[in-house]
Novice: 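Got a structure here, written out as structure tokens. Questions coming.
Worth knowing before you read on, the calculation uses all heavy atoms, side chains too, and leaves out hydrogens, waters and symmetry mates.
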Amino acid sequence: MFRVTDRPLNLQELVDFVTDPEAGAIATFIGTTRNNNEGRRVIALDYDAYPDMAEKELRRIGDEANKKWQLCRMAIVHRTGPVQITQASVMIAVSSAHREAAFGACRFAIEEIKKTVPIWKKELYEGGELWIGTQSGQPLTGKLPR
């Protein structure tokens, strides 16, 4: 399951999808909207995407993770549109025979999503808004302009 959606995300749906009788481990990751960034009070995030290309890239990440860790199953779902404080923007679930593979694949997936998937994030904060990430010319790990 590799999907981009404008609906709220459901972790149980992903866990059910990756549950496998050969799996001894299921690891999950949930990325949520926090209420601050770089000294600004964040009100919400707003995501935009190129859905067909984003889903293709999510599948590529899943295929690459499976080659590295021999997974049972993997699911990645990313939200678009407004995402309020504490709500989930992205969920990843991975099942594998052993926990090291499941944890490794979750970490790999979120790092790759940030680098390569055509999903863009706008931060809505008190007093304005700002696109975050490489599409704005700002590095993902750099300081935001004030």
Novice: Under a 4.5 Å side-chain heavy-atom rule over Ile, Leu, Val, Met, Phe, Trp and Tyr, are Tyr47 and Ile30 clustered together?
Specialist: no
Novice: Does a side-chain heavy-atom distance below 4.5 Å link Ile110 with Ile92?
Specialist: yes
Novice: Are the side chains of Leu124 and Val42 in touch, meaning some heavy atoms are under 4.5 Å apart?
Specialist: no
Novice: Are any side-chain N or O atoms of Glu112 and backbone N or O atoms of Ala109, one a donor and one an acceptor, separated by less than 3.5 Å?
Specialist: no
Novice: Could you tell me whether the side chain of His98 and the main chain of Ala25 form a donor-acceptor pair under 3.5 Å?
Specialist: no
Novice: Check whether any side-chain heavy atom of Met1 lies under 4.5 Å from a side-chain heavy atom of Val77, and answer yes or no.
Specialist: yes
Novice: Give the minimum heavy-atom separation between Val4 and Pro51, together with the two atoms involved.
Specialist: CG2-O, 4.5 Å
Novice: Report the C-alpha distance between Gln12 and Asp16 in whole Å, list the side-chain angles of each, state the deciding distance to 0.1 Å, and finish with yes or no for side-chain hydrogen bond (donor to acceptor under 3.5 Å, both in side chains).
Specialist: CA-CA 6 Å; Gln12 191 60 53; Asp16 291 346; 2.7 Å; yes
Novice: Where the side chain of Asn36 meets the backbone of Gly39, is there a donor-acceptor pair that is under 3.5 Å apart?
Specialist: no
Novice: So which atom in Gln84 and which in Ala44 form the shortest heavy-atom distance, rounded to 0.1 Å?
Specialist: OE1-CB, 3.8 Å
Novice: Give the minimum heavy-atom separation between Phe29 and Cys106, together with the two atoms involved.
Specialist: N-SG, 4.2 Å
Novice: May I ask you to establish whether Arg41 and Tyr125 are in a cation-pi arrangement, using a distance under 6.0 Å from NZ or CZ to the six-membered ring centre and at most 45° from the ring axis?
Specialist: no
Novice: Do the ring centers of Trp120 and Tyr50 come within less than 6.0 Å of each other?
Specialist: no
Novice: Should we count CD of Glu100 as having more than 12 external heavy atoms under 6.0 Å?
Specialist: yes
Novice: Would you check if Thr19 and Ile26 make a side-chain contact, meaning some heavy-atom pair closer than 4.5 Å?
Specialist: yes
Novice: Nearest 0.5 angstrom please: Met91 CE to Thr32 OG1, how far?
Specialist: 9.5 Å
Novice: Would the distance check show the side chain of Ser96 and the main-chain N or O of Ala101 forming a donor-acceptor pair, the cut-off being under 3.5 Å?
Specialist: no
Novice: Check the hydrophobic clustering (I, L, V, M, F, W, Y; side-chain heavy atoms under 4.5 Å; chains of links allowed) and say if Leu14 and Trp69 are grouped together.
Specialist: no
Novice: Tell me, yes or no, whether the heavy-atom count around Phe108 atom CZ, taken from other residues, nucleotides or ligands under 6.0 Å, exceeds 12.
Specialist: yes
Novice: Report yes if some heavy atom in the side chain of Val117 is under 4.5 Å from a heavy atom in the side chain of Ile61; otherwise report no.
Specialist: yes
Novice: Side chains of Lys121 and Trp131: closer than 4.5 Å at any heavy-atom pair?
Specialist: no
Novice: Could you tell me which non-hydrogen atom of Phe17 sits nearest to which non-hydrogen atom of Ala75, and how far apart they are?
Specialist: CD2-CB, 3.9 Å
Novice: Verify the neighbour count for atom CZ of Arg107: are there more than 12 heavy atoms of other residues, nucleotides or ligands below 6.0 Å?
Specialist: no
Novice: Quick one: which residue pairs count as a salt bridge (Lys or Arg N to Asp or Glu O under 4.0 Å) with a foot in residues 43-58, not counting sequence neighbours?
Specialist: Glu57-Arg60
Novice: Walk me through it: do Asn37 and Glu123 pass the test side-chain contact (heavy atoms from CB on, under 4.5 Å)?
Specialist: CA-CA 9 Å; Asn37 188 33; Glu123 183 179 88; 2.8 Å; yes
Novice: Within a strict 4.5 Å, meaning less than it, do heavy atoms of the Ile85 and Ile43 side chains meet?
Specialist: no
Novice: Of all the heavy-atom pairs spanning Val18 and Arg73, show the shortest one and how long it is.
Specialist: CA-CB, 3.7 Å
Novice: Tell me, which pairs form a salt bridge (Lys or Arg N to Asp or Glu O under 4.0 Å) where one or both residues lie in residues 20-37, sequence neighbours left out?
Specialist: none
Novice: State whether the side chain of Asn66 and the backbone N or O of Leu71 hold a donor-acceptor pair below 3.5 Å, judged by distance alone.
Specialist: yes
Novice: Could you go through Met74 and Ile76, starting from their C-alpha distance and side-chain angles, then the distance that decides it, and tell me whether this counts as side-chain contact (heavy atoms from CB on, under 4.5 Å)?
Specialist: CA-CA 7 Å; Met74 184 172 200; Ile76 305 172; 4.0 Å; yes
Novice: Using the rule that two of Ile, Leu, Val, Met, Phe, Trp, Tyr join whenever any of their side-chain heavy atoms come within less than 4.5 Å, decide whether Leu45 and Leu9 are in one cluster.
Specialist: no
Novice: Look up atom CD1 in Ile132 and atom CG in Leu130, then write down how far apart they are to the nearest 0.5 Å.
Specialist: 4.0 Å
Novice: Quick check: closest heavy atoms across Ala49 and Thr80, and the distance to 0.1 Å?
Specialist: CB-CG2, 3.7 Å
Novice: Going by heavy atoms in the side chains, are Arg79 and Arg7 under 4.5 Å from each other?
Specialist: no
